[in-house]
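Model, not experiment: these values are computed from the prediction.
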Amino acid sequence: MKVVILAGGLGTRISEESHLKPKPMIEIGDKPILWHIMKCYSSYGFNDFVICCGYKSFVIKEYFADYYLHNSDITFDFRNGSIMETHTNSAEPWRVTLVDTGLDTMTGGRIKRIRPYIGSETFMLTYGDGVSDVNINELLAYHKNHGKFVTVTTVQPENRFGVLDIEENRIVSFREKSQDDIGWINAGFMVMEPQIFNYLECDDTYLEREPLENLAKDGELIAFKHNGFWQCMDTQRDRNKLEQLWEKGQAPWRKW
């Protein structure tokens with residue numbers, strides 16, 4: 001089964017680094033967050049990836065073109081015509097298809113463009129800027145069991161701010177948010193049937209608007225509620241949090 005990763009956006013909210021590279025190529029530890037996401041899927045045996053590129057797509061292409069070289073021990077013998085000898089390597093069992101889906105294409109448009117690489121198969125889809133400890137096998141089994149077109153992993157995001165209870169402009173209490181104050185949000189890690197392509201119109205289509213809204217109206221959109229770890233990397237603050245977890249050996253998404 002193929003895993004599609006959306007990796008073409010501009011990443012304007014983390015512009016400290018994304019002006020140099022696509023957001024999925026910003027590193028956690030010494031590896032791009034894209035690598036972390038792929039390792040998560042690979043740990044469950046899913047190794048066939050289709051990556052939707054856009055902004056600075058050459059950076060992603062060059063990374064995978066040189067992946068084997070960067071992860072190997074190599075001897076260069078210049079005495080004999082610059083012969084290269086590979087000793088050991090830690091290459092992954094991955095098949096990676098990199099598709100240029102356009103610089104300004106929206107999420108739904110990017111998915112529509114990779115249809116030739118998906119065909120009529122069920123596929124998985126996630127964003128290139130979020131990691132989670134979601135159990136991919138359980139997610140897939142859940143999707144197959146309910147028989148609908150799309151399953152979206154949902155989470156309740158971390159509480160960052162306190163809550164003010166106000167009555168007629170008077171603050172009557174100040175408290176920490178509880179889970180009852182927070183709704184469920186789309187965390188990515190989706191499973192989709194090929195019928196999704198019938199809901200996608202053009203490059204300007206946002207997956208998160210009409211397509212998912214219409215799927216919901218048609219009764220074809222199901223939530224897989226995840227109560228474990230999930231973190232996106234929207235800002236430098238998010239990136240620093242993920243970096244600290246990785247450096248301390250406390251990264252919940254690491255299953256390899």
Side-chain angles (χ1 to χ4, degrees), residues 1-11 14 17-103 110-111 113-119 121 123-134 136-137 140 188-189 233 239 242-243 245-247 249 251-256:
M1 183 178 294
K2 291 181 173 63
V3 178
V4 178
I5 302 177
L6 294 168
L10 297 177
I14 192 168
E17 296 193 57
S18 64
H19 71 287
L20 297 172
K21 64 184 74 171
K23 185 163 68 165
M25 295 304 293
I26 295 173
E27 294 181 349
I28 305 299
D30 62 348
K31 300 289 187 182
I33 191 171
L34 177 62
W35 177 89
H36 289 264
I37 296 167
M38 295 171 71
K39 288 288 285 187
C40 288
Y41 280 100
S42 187
S43 69
Y44 288 96
F46 298 99
N47 295 303
D48 194 350
F49 298 94
V50 177
I51 300 178
C52 300
C53 303
Y55 174 67
K56 293 188 181 295
S57 62
F58 66 90
V59 176
I60 300 176
K61 292 177 180 178
E62 288 174 358
Y63 175 77
F64 286 104
D66 295 333
Y67 190 92
Y68 184 83
L69 184 66
H70 290 171
N71 290 276
S72 303
D73 293 335
I74 296 171
T75 295
F76 292 96
D77 188 349
F78 297 105
R79 299 168 301 177
N80 298 300
S82 188
I83 296 174
M84 184 180 77
E85 180 183 358
T86 302
H87 303 288
T88 61
N89 74 81
S90 56
E92 310 291 345
W94 296 344
R95 183 176 188 271
V96 184
T97 302
L98 304 169
V99 184
D100 189 346
T101 55
L103 180 61
R110 294 189 190 283
I111 299 167
R113 286 203 184 195
I114 55 92
R115 184 173 189 174
Y117 302 96
I118 300 299
E121 300 177 3
F123 65 98
M124 288 183 276
L125 170 79
T126 197
Y127 301 102
D129 63 354
V131 288
S132 176
D133 62 355
V134 61
I136 301 298
N137 288 337
L140 183 58
F189 297 93
M233 191 179 65
R239 189 256 176 194
L242 293 170
E243 180 76 22
L245 288 171
W246 184 260
E247 288 181 352
W253 67 90
R254 182 167 188 171
K255 298 185 178 183
W256 59 89

For this session: Could you please spell out the steps behind the side chain to side chain contact (heavy atoms under 4.5 Å, CB included) verdict for V3 and V50?
Result: CA-CA 6 Å; V3 178; V50 177; over 6 Å; no
Could you state the interatomic distance from [atom1] ([X]) to [atom2] ([Y]), rounded to the nearest 0.5 Å?
X    : Y    : atom1 : atom2 : result
E121 : D48  : CD    : CG    : 8.5 Å
K56  : M25  : NZ    : CE    : 12.5 Å
R239 : I28  : CZ    : CD1   : 5.5 Å
C53  : L103 : SG    : CG    : 12.0 Å
I114 : L6   : CD1   : CG    : 8.5 Å
L98  : S57  : CG    : OG    : 8.5 Å

For this session: Not counting sequence neighbours, which residues clear side chain to side chain donor-acceptor pair (under 3.5 Å) with Y117? List them please.
Result: none
Looking at every non-hydrogen atom in both residues, tell me the closest pair between [X] and [Y] and how far apart they are.
X    : Y    : result
Y55  : K21  : CE2-O, 3.7 Å
I5   : F49  : CD1-CD2, 4.0 Å
P252 : L245 : CD-CD1, 4.4 Å
P22  : V59  : CD-CB, 3.8 Å

Can a donor-acceptor pair be found, under 3.5 Å and without considering hydrogens, that links the side chain of [X] to the backbone of [Y]?
X    : Y    : answer
K23  : G9   : no
R110 : G102 : yes
T126 : F189 : yes

Exercise. Can we say E92 and K39 salt-bridge, meaning some charged N sits less than 4.0 Å from an Asp/Glu carboxylate O?
Worked result: yes
Exercise. What's the verdict on side chain to side chain contact (heavy atoms under 4.5 Å, CB included) for I51 and M38, showing C-alpha distance, side-chain angles and the deciding distance?
Worked result: CA-CA 10 Å; I51 300 178; M38 295 171 71; 4.1 Å; yes
Do [X] and [Y] pair up side chain to side chain, a donor and an acceptor below 3.5 Å, judged on atom types alone?
X    : Y    : value
T101 : R113 : no
W256 : S42  : no
Y44  : K255 : yes

Problem set entry | Trace of the salt bridge (Lys or Arg N to Asp or Glu O under 4.0 Å) decision for K31 with E27 | CA-CA 5 Å; K31 300 289 187 182; E27 294 181 349; over 6 Å; no
Exercise. According to the interplanar angle, ranging from 0 to 90°, do the rings of Y67 and F64 count as parallel (below 30°), tilted (30 to 60°) or perpendicular (above 60°)?
Worked result: parallel
Problem set entry | Aromatic ring pairing W253/W246, orientation class (parallel under 30°, perpendicular over 60°, tilted between) | parallel
For this session: Please test L34 against I60 for side chain to side chain contact (heavy atoms under 4.5 Å, CB included), starting from the C-alpha separation and ending with a verdict.
Result: CA-CA 9 Å; L34 177 62; I60 300 176; 4.2 Å; yes
Exercise. Can you name the residues that form a ring pair (Phe, Tyr, Trp, His ring centres under 6.0 Å) with Y127, not counting sequence neighbours?
Worked result: none
For this session: Step by step, work out the side chain to side chain contact (heavy atoms under 4.5 Å, CB included) result for M1 and M124.
Result: CA-CA 8 Å; M1 183 178 294; M124 288 183 276; 3.8 Å; yes
For this session: Could you check if a side-chain atom of Y68 sits within less than 4.5 angstrom of a side-chain atom of I74, using non-hydrogen atoms only?
Result: no
